[in-house]
Structure formats: structure tokens, C-alpha cells
Amino acid sequence: MRQELEQAIAGVCKDLFSVDVEVELTRPDEQFGDYATNVALQLSKKLNKNPREVAEAIKETVKHPAISSMSIAGPGFINLELTDDALVQLSEQKPEQTLEGDIVVVEYSDPNPFKVLHAGHLYTSVVGDAVAKLLESSGAKVYRVNFGGDVGLHVGKAMWSILQEIGGENPDKLNEVNERSEWLTQCYVAGTTAYENDDKAKSEIINLNKRVYQLYADNDHDSPFAQIYWTCRQWSYDYFKEFYTRIGSHFDKYYPESETAPLGLQKAQELLKSGVLEKSDGAIVFKGEEHGLHTRVFINSQGLPTYEAKDLGLTIAKTNDYHPDKSIIITGNDIVEYMKVVLKVVQQFDPEHAQATTHLTHGMVKLAGGAKMSSRRGNILRAVDVIDVAQVANESATGQKDESTALAAIKYAFLKNRIGGDIVYDPAESVALEGNSGPYLQYAHARARSILSKVKTADSKQQPVNRFEKDERSLLRKIGEYAEVVDRAVQYLMPHHVCMYLYELSQEFNRFYEHNRVIDDPRQSVRLTLVHSYADILKNGLELLNIPAPDTM
RNA sequence: GCACCCGUAGCUCAGUUGGAUAGAGCGCCUGGCUUCGGACCAGGAGGUCGGCGGUUCGAGUCCGUCCGGGUGUACCA
């Protein structure tokens with residue numbers, strides 16, 4: 001509908017002035033109309049004419065059954081008012097299927113085994129889920145994948161401390177460990193401290209790191225050391241899965257670095273031969289300076305693959321496994337420059353994949369009034385801490401024991417910010433029952449469902465509607481924006497557009513609800529239709545954010 | 001030092017990619033309703049959009065520069 005109108009106006013401009021122009025219809029303030037365009041302002045310069053004259057000519061010539069009236073305002077905006085039928089049609093429109101048939105791999109969350117899940121993992125998971133849902137809503141077949149370091153120096157650090165704790169290579173001692181994930185986290189922290197402060201420990205850790213790689217090379221699952229490693233590794237993955245289930249995330253595939261490392265190592269060797277990578281100080285590096293980037297190490301002087309090589313291997317694995325049309329990688333923005341280097345290298349051997357890859361980054365989570373967090377130290381804000389503090393706030397506000405509202409509150413609080421910069425998370429505000437919050441939206445939905453549930457099915461059947469009263473029309477107008485908002489959110493991979501819209505929609509509904517009765521009103525059938533599509537849109541929108549919309553609360 | 005990101009109301013954030021009077025939420029002040037779920041609605045105060053300069057009919061948005069903050073910058077991930 002919108003595109004149709006844009007083309008109609010563009011066609012008129014061509015007929016009148018013999019120019020090709022891109023017409024973009026925007027949603028102006030309601031007082032101005034349903035759609036607006038500044039095309040006359042754009043053209044006036046090119047044509048050397050008064051913008052209002054240009055607008056006048058366009059206004060007189062454009063004819064479309066969806067338009068009930070047009071007006072010119074301000075410096076030369078053309079405002080369109082749509083017919084009620086057109087508004088109804090818009091309200092039934094589905095998001096565009098721009099990615100119909102496309103395969104999209106979305107990589108996100110990426111926690112490392114042996115380490116704790118912190119608030120950043122919670123945030124990035126919530127963002128990734130929403131982005132994945134958005135892509136699905138536009139017709140893509142989405143695969144959610146998760147990349148994590150089950151090999152690498154951090155594993156060496158954890159293993160070093162694990163061996164200390166259980167008194168050597170005694171796998172049986174692991175049976176005595178309670179609070180497994182907590183225990184692993186503490187081991188990792190202790191290992192990190194030792195690595196930094198104790199040279200003997202440092203060299204032992206470096207050695208343990210090599211031994212872990214060797215386990216894979218030997219396919220060793222039986223030696224005492226192997227048993228310890230594999231058991232603790234499994235504990236980590238169990239802990240991840242439990243957490244993801246709790247927050248409503250799921251992944252189609254976990255790519256452990258142990259799987260991508262050999263692929264990356266092999267590719268790096270090839271790239272060394274072909275001259276893309278080169279030797280430097282015993283390491284194999286990519287000189288990024290020639291491309292305006294910086295130099296990064298792919299294989300260290302020990303012969304071990306770094307994160308860079310493992311990431312290289314990951315892109316190969318993704319291509320082999322999915323042959324994606326698009327590949328989205330979601331991470332914190334601290335690795336933007338790093339990722340540019342890796343993608344530049346990918347471009348040298350698989351330009352198509354590099355071209356199809358988007359690195360979407362977000363900032364850090366900061367607790368309102370609190371400090372930020374570092375994953376290397378013990379004083380971090382854990383993911384479960386964020387959930388717990390939200391649940392405490394939720395329970396004290398509502399008496400509700402169930403944590404689903406708290407989770408919805410967290411997700412919405414995270415997603416309502418534009419992805420990119422750091423976000424400040426305020427637990428009290430997030431669970432607030434008023435204002436721009438998840439619970440407000442869930443409640444606004446439940447209230448509409450409650451109205452609908454009071455009507456017998458026979459009464460609620462839809463009837464054709466011709467004319468809307470002012471408040472009804474405002475609500476309908478807002479409902480009709482949904483598909484466009486989703487389209488924009490998909491185009492820019494920005495879930496916050498959906499949040500903003502859903503809040504405005506709910507406000508519009510609450511305004512309507514304040515002044516108009518639904519049940520037992522002469523206009524009941526018209527209004528029920530509106531309430532119904534409102535509730536469906538709200539539910540749909542919340543689900544795009546991976547937030548459930550229960551019928552009752 | 002260099003590179004990238006950020007700076008909008010007291011606080012937390014939007015701002016339809018250069019357009020109309022810069023908008024929300026929280027907090028503060030005033031009022032309404034409290035019979036479909038009040039977890040509501042209406043209104044008010046609060047802004048030299050970090051500063052300066054430039055491009056443009058038009059700049060929060062683009063360019064330059066300065067100030068302030070964050071991140072990254074070779075064998076960690």
C-alpha cells in the first residue's frame with residue numbers, strides 16, 4: 001500500500017516535471033495526516049520553483065482510491081489522509097517477506113566454557129534472540145549458533161586451578177564437587193590470578209593449554225587428565241543450557257573452538273603459502289596496516305591458533321554447514337576493529353561470505369549507579385545476579401513469585417535501547433508497572449484479552465466497518481503502522497524500533513480505553529474488532545522480542 | 001600517539017537516515033476517573049541537542065575543528 005502510493009506520487013512527478021524522484025512516505029504527527037512526503041521540497045530546488053507550487057501541482061494530480069484527502073502544509077509538505085478502508089487494509093498488512101527463502105546464520109552469546117555467564121552474556125543473548133526473530137518474521141530460515149572457547153589459554157588457567165583443587169590428576173575427586181558451575185568459575189578466577197602473579201604457574205598454565213590441544217589431536221577421552229577436562233567441559237555446557245532454557249533462548253548449534261581451530265589452522269597455513277598471511281617474530285600474522293587496519297596474530301609462535309584463526313575456522317564451518325545467504329555476528333563493540341581484520345582475511349579467500357557477513361555490535365551493560373564489569377576478575381556482575389535483582393524488585397512490587405515477569409522486564413529494558421552504545425540497566429525501573437516497561441506492555445495486552453474473553457464468541461464475530469469515530473480511528477491508524485515498523489527493524493536489525501512502537505501502541509490503546517466503552521456499547525462490534533487486532537499485534541510484537549504475552553497476569 | 005564509538009531535559013533514552021513547534025519514560029507539580037483489569041488518562045514546569053566554524057532554502061542529523069568520556073591498538077578471548 002505504502003509503496004503503491006509512493007510509486008503513484010513518483011509517477012505524477014515524472015509526468016508533471018519529467019524527473020525521476022524517490023518518494024518516501026513518512027508517518028507524520030497525527031494532526032497532519034496519515035502519511036506525508038517532502039518530495040515537493042526536494043524537487044523545488046531541482047526545478048527552481050516555489051515548493052508550495054510544486055506541492056500544489058502534485059496534490060491536484062495524484063489520484064488514488066486509498067487517499068481521502070491531501071493537504072499542503074509548512075514549507076511544502078504534502079500530507080495524505082487515508083480512507084477508513086485503506087486504514088483497515090493497512091492494519092491487516094503483514095511484514096514484508098524480504099528474506100523469503102534466505103538462509104541466515106546468526107551467531108551470538110558466545111560464552112566460554114570454564115567461565116561464568118555475566119550480564120553481558122544475558123544482554124547479547126536477548127539481543128540475538130530478538131534479531132533472529134526479526135529475521136524470521138521477514139521470511140528467512142534462521143540458524144542460531146553459539147561459538148565458545150573450549151580450548152585456549154583461559155582453559156589452561158582453569159585447568160591449572162582445577163588440578164590444584166582436586167590435588168592432581170584425580171578425576172574421581174570431581175565427584176565431591178558441589179555447585180559445579182560456581183566451582184569452575186572460582187577455579188578460572190584463581191587460575192587467572194596465578195597466571196598474572198606467579199611465573200611458575202604461568203609456565204605450567206601455558207603447558208596445560210598445549211596439553212588440552214593435544215587431547216583433541218590424540219582423541220583422548222580416557223587418561224586422567226582427559227577425564228577431568230571432559231567432565232568439567234560438560235559441566236560448563238550443562239550450565240549454559242540450563243541458563244538458556246531459563247531465559248527462553250535456544251541454539252541450533254554450538255561451535256566449540258576445538259572444532260574450528262583445526263579448520264582455521266589449516267586455512268591459515270594455506271594463506272601463509274599464498275602470501276595473505278606472513279611470518280613475523282615466529283608468529284603468523286596478517287598485516288592489516290595496508291588495509292587501514294592493524295596487524296593481528298593468527299598462529300602464535302608456539303604454533304597454536306589464536307582466536308583469529310579459530311574465528312577463521314568458524315566462518316569456514318558456517319559456510320560448510322549452512323551455505324548461508326547472510327551471516328550475522330553479534331558481539332560487544334570492543335572487538336569491532338578485531339573483526340574487521342578477520343573479515344578482511346576472509347575476504348581474501350571467500351569474498352562472497354565476507355560480503356554476506358554483518359558484524360552487529362552492542363555496548364556493555366552497566367548497572368544504574370554501579371560499576372561496569374570485567375570478566376577477568378571476580379567482581380563481576382553475573383547474569384544470574386541481574387535476574388535475581390529484577391525478581392526481588394518484581395516480587396516486592398507485585399508479590400509475584402514467578403520470575404517470568406522479571407525476565408520480560410529485563411528483556412524489554414535491554415531491547416528498548418538502540419543497539420550500539422552501552423546501556424544502563426536499572427532493575428527497579430525495568431520491573432516498574434508504569435512507564436515504558438515490559439510489564440506495562442504485558443499488562444496492556446492482558447487487559448485487552450480480558451475484554452475479549454468477556455464476550456461470547458457469537459457476539460465477537462467481525463462485521464464490516466465503514467466509518468470510525470475519532471478515537472477508534474487513532475487506534476486503527478497506529479495498528480496499521482506495525483508492518484512498516486517491523487520492516488524498518490528488519491532492515492536495520494534494530495529491535496528497539498519495535499519496542500518504541502509497541503509502547504506507543506499501548507498508550508494509544510489506553511487512551512482509547514479511558515474514554516470509550518467496548519462491551520455493551522452500541523459500537524461494540526466495531527470496537528471489539530479493534531481490540532482484537534490491537535491485542536494480536538501487541539502479542540505478535542512482544543514475541544518478536546522473545547517476550548511472552550500471557551492472556552492473564 | 002593513532003583508529004573506532006559516544007556526548008540530546010535533573011536521570012535513562014528515542015529522534016522515521018537533511019525537513020513541520022526536538023519527543024518519551026522516571027522524578028517533580030496540577031487535575032480526572034477509580035462499574036469492560038487504575039499496573040490508567042489529561043495537563044504543567046524542565047533544552048543555546050558538548051563548544052565554535054562550515055555546507056544547505058532548511059542541520060540534533062552532513063563536513064571541519066576543539067573539549068569531554070569509552071573501547072581497541074601482535075602472539076588473551
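It should be emphasised that the depicted structure is a prediction, and the values quoted were computed from it without experimental measurement. Order of the sequence lines sets the chain letters (A, B, ...), proteins ahead of strands, with each chain counted from 1. What you see below is based on every heavy atom in this structure, not just the backbone, and it leaves out hydrogens, waters and symmetry mates.
- Residue contacts shown for I423(A) are limited to sugar-phosphate atoms, with no base heavy atom under 4.0 Å away.
- Checking rA20(B), rG72(B), rG37(B) against the side-chain heavy atoms of P28(A) singles out rA20(B) as nearest.
- Here the separation of rU48(B) from rG53(B), taken at their C1' atoms, is 16 Å to the nearest Å.
- With a cut-off of 3.5 Å on both pairing distances, rC49(B) has no Watson-Crick or G-U wobble partner at all.
- When both pairing distances are held under 3.5 Å, rC40(B) makes a Watson-Crick or G-U pair with rG32(B).
- The two residues V365(A) and A119(A) make their nearest non-hydrogen contact at CG2-O, 4.0 Å.
- Ion pair R449(A)/D536(A) flagged as a salt bridge, since at least one NZ, NE, NH1 or NH2 atom sits closer than 4.0 Å to an Asp/Glu carboxylate oxygen.
- Scanning residues 436-447 of chain A for heavy-atom distances under 4.0 Å to RNA chain B yields N436(A), Y440(A), Y443(A), A446(A), R447(A).
- Base pairing annotation: rC13(B) forms a Watson-Crick or G-U wobble pair with rG23(B), both donor-acceptor distances under 3.5 Å.
- When the P atom is used for both rA22(B) and rC26(B), the distance is 22 Å, rounded to whole Å.
- At the heavy-atom level, R517(A) lies under 4.0 Å from base atoms of the strands shown.
- Checking rA20(B), rA24(B), rU16(B) against every side-chain atom of Q507(A), the shortest atom distance belongs to rA24(B).
- Inter-residue side-chain proximity for D34(A) and E81(A) is flagged as met; some heavy-atom pair is nearer than 4.5 Å.
- Taking the side chain as every heavy atom from C-beta outward, R511(A) and D471(A) never approach each other to under 4.5 Å.
- Contacts of G421(A) with the nucleic acid, taken as non-hydrogen atoms under 4.0 Å apart, are absent.
- Among the protein residues, T361(A) comes within range of no part of the nucleic acid, since none of its heavy atoms lies under 4.0 Å from any strand.
- At a threshold of 4.0 angstrom between heavy atoms, the contacts of K49(A) with the nucleic acid are absent.
- When distances are taken from the side chain of R296(A) to each of rU16(B), rC41(B), rU73(B), the shortest belongs to rU73(B).
- Here rG25(B) is the nucleotide among rG25(B), rA20(B), rC75(B) with the atom lying nearest to any side-chain atom of Y503(A).
- The P atoms of rG60(B) and rA9(B) are separated by 14 Å, rounded to the nearest whole Å.
- At a threshold of 4.0 angstrom between heavy atoms, the contacts of D426(A) with the nucleic acid are absent.
- Salt bridge annotation for E469(A)-R527(A): present, with a cationic side-chain nitrogen under 4.0 angstrom from a carboxylate oxygen.
- With sequence neighbours excluded, the residues that form a ring-ring contact (aromatic ring centres under 6.0 Å, His included) with H362(A) are Y123(A).
- For R418(A), a side-chain nitrogen or oxygen approaches OP1 or OP2 of rG15(B) to under 4.0 Å.
- Neither OP1 nor OP2 of rA42(B) sits under 4.0 Å from any side-chain N or O of H515(A).
- Interface remark: the T306(A) side chain does not form any donor-acceptor pair with the rA77(B) base, using a distance-only criterion of under 3.5 Å.
- With a cut-off of 3.5 Å on both pairing distances, the Watson-Crick or G-U wobble partner of rA3(B) is rU71(B).
- Among L122(A), V127(A), L545(A), the one residue that satisfies the side-chain contact (heavy atoms from CB on, under 4.5 Å) test with F414(A) is L122(A).
- Within 4.0 Å of S44(A), counting heavy atoms only, lies no atom of the nucleic acid at all.
- For E514(A) and rG32(B), a side-chain-to-base donor-acceptor distance below 3.5 Å is present, hydrogens and geometry of angles not being considered.
- When heavy atoms are screened at a 4.0 angstrom cut-off, N48(A) is found touching no nucleic acid atom at all.
- Rounded to an integer number of Å, the gap from E508(A) CD to rC41(B) C1' is 12 Å.
- A390(A) is linked by a side-chain contact (heavy atoms from CB on, under 4.5 Å) to A406(A), I410(A), Y425(A), V431(A), counting only residues two or more places apart in sequence or in another chain.
- Proximity note for V518(A) (side chain, C-beta onward) versus rC4(B), rG70(B), rC36(B): the nearest is rC36(B).
- Here the side chain of K45(A) is nearest to one of rU56(B), rG37(B), rA77(B), namely rU56(B).
- Using a 4.0 Å heavy-atom cutoff across all strands shown, P51(A) reaches no nucleic acid atom at all.
- Relative to the side chain of K454(A), the nucleotides rC4(B), rC36(B), rU12(B) differ in distance, and rC36(B) lies closest.
- Comparing rU61(B) with rU17(B), their C1' atoms are spaced 8 Å from each other, to the whole Å.
- The residue N516(A) sits close to a base: some heavy atom pair falls under 4.0 Å.
- Of the candidates rU12(B), rA77(B), rU73(B), rU12(B) carries the atom nearest the V424(A) side chain, counting heavy atoms from C-beta on.
- At a threshold of 4.0 angstrom between heavy atoms, the contacts of Q302(A) with the nucleic acid are absent.
- Side-chain proximity of M553(A) to the nucleotides rA77(B), rA74(B), rA39(B) is greatest for rA39(B).
- The residue D281(A) sits close to a base: some heavy atom pair falls under 4.0 Å.
- Rounded to whole Å, the separation between the P atoms of rU65(B) and rA3(B) comes to 10 Å.
- Proximity note for L153(A) (side chain, C-beta onward) versus rC4(B), rA74(B), rC76(B): the nearest is rC76(B).
- A salt bridge does not link R488(A) with E484(A): every distance from a Lys NZ or Arg NE/NH1/NH2 to an Asp or Glu carboxylate oxygen is 4.0 Å or more.
- If you take atom C1' in rG23(B) and the same atom in rG46(B), they sit 14 Å apart, rounded to whole Å.
- Within 4.0 Å of F298(A), counting heavy atoms only, lies no atom of the nucleic acid at all.
- With 3.5 Å as the limit, one finds no donor-acceptor pair spanning the side chains of S437(A) and E429(A).
- In this structure, rG60(B) makes no Watson-Crick or G-U wobble pair, since no nucleotide meets both defining distances under 3.5 angstrom.
- No salt bridge links R52(A) with E56(A); every basic N to acidic carboxylate O contact stays at or beyond 4.0 Å.
- Donor-acceptor pairing under 3.5 Å, judged by distance alone, is absent between the side chain of N510(A) and the base of rA42(B).
- A residue-by-residue look at H496(A) and G149(A) shows that H496(A) has its nearest nucleotide of RNA chain B further toward the 5' end.
- When the side-chain nitrogen and oxygen atoms of S450(A) are compared with OP1 and OP2 of rG37(B), one or more of them lie within a distance under 4.0 Å.
- If you check distances only, the side chain of Y492(A) does reach the base of rU17(B) with a donor-acceptor pair under 3.5 Å.
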